Amino acid sequence: MTKQALIVWGGWPGHQPKECADIVAAMLKEDGFDVVLENTREAYTDPALGEFNLIVPMVTMSTIEKEEVEGLSNAVRAGTGLAGFHGQMADSFRNEVRYQFMVGGQWVAHPGNIIDYSVQITKPDDPIMQGISDFPYRSEQYYMHVDPNNEVLATTTFSGEHADWIAGHVMPVVWKRRHGKGRVFYSSLGHVAAELEVPSMRTILRRGMNWAARE
């Protein structure tokens, strides 16, 4: 049976959600998914939501209704996978702690804005990270509040140049986790659509989405 994926996009336009959604949809189709794209959070209230193998949220900031977050959480808890990246998944619905509990983290700062930094692979033997070495990256270096229950696959270290009190602090960049029966994958890389063409970022995201998808 063909796997089914839902991409819900919207929110702050600076993250280019429509452009990113189109790129991710093409990636998933290449990997054998049937893909549905929606630009309203009302999609999370659909009684058939739990029939999807994977949900990819792409909504920065914005708000979400109680029944929408409950529908999403219930689908993931029952086994639907959740996977996404950057602020399109982890800077969504800032007042909704139930959503943050599911994702495993929340963006709080990116000192220096667009800067050069490096990503360190912490679990090179994990199937998502196999063959990927530490790599340089140019984007927002996300400082996040993160769940200690995450299984961290990659990190970054803050230099302190833009906020001296966090010098040397190691921050998760890529993680996976469970929410009920559902698999959850997150990468903080990917500020704009062009970053989806960076080979390491693209490969990690692609593998992460496939890992999260319910079999």
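All values derive from a computational prediction rather than experimental measurement.
- Between Thr2 and Gln4, the side chains place no donor N or O within less than 3.5 Å of an acceptor N or O (distance only, hydrogens not considered).
- Interatomic distance, CD of Glu68 versus CG of Asp46, reported as 12.0 Å (0.5 Å rounding).
- Each of Tyr99, Phe101, Trp107 was checked for a ring-ring contact (aromatic ring centres under 6.0 Å, His included) with Phe93, and the lone residue meeting it is Tyr99.
- Nearest heavy-atom pair across Ser200 and Ile132 is OG-CG2, 4.3 Å.
- Counting heavy-atom neighbours within 6.0 Å of His145 NE2, excluding the residue itself, gives a total of 12 or less.
- Of all non-hydrogen atoms in Leu54 and Ala212, the two that sit nearest each other are CD1-CB, 4.0 Å.
- Under 3.5 Å, the side chains of Tyr137 and Glu195 contain a donor-acceptor pair of N or O atoms.
- A donor and an acceptor atom, one from each side chain of Gln106 and Asp91, are located under 3.5 Å apart.
- Taking the six-membered ring where the residue is Trp, His86 and His15 present perpendicular rings, their angle passing 60° and hence far from 30°.
- In terms of heavy-atom proximity, Met129 sits nearest to Ile121 at CE-CD1, 3.4 Å.
- For CZ of Arg77, the number of neighbouring non-hydrogen atoms (other residues, nucleotides, ligands) closer than 6.0 Å is 12 at most.
- Taken to the nearest 0.5 Å, the CZ atom of Arg214 stands 4.0 Å off from the OG1 atom of Thr80.
- A distance of 12.5 Å separates CG in Asn39 from CD1 in Ile7, rounded to the nearest 0.5 Å.
- Rounded to the nearest 0.5 Å, atoms CZ (Phe135) and CD (Gln120) are 9.5 Å apart.
- The local environment of CD in Glu42 is sparse, with at most 12 non-hydrogen atoms from other residues, nucleotides or ligands closer than 6.0 Å.
- Taking Thr155 as the reference, nothing meets the side-chain hydrogen bond (donor to acceptor under 3.5 Å, both in side chains) condition, with sequence neighbours excluded.
- Annotation: the span from Leu196 atom CG to Gln16 atom CD amounts to 9.5 Å, rounded to 0.5 Å.
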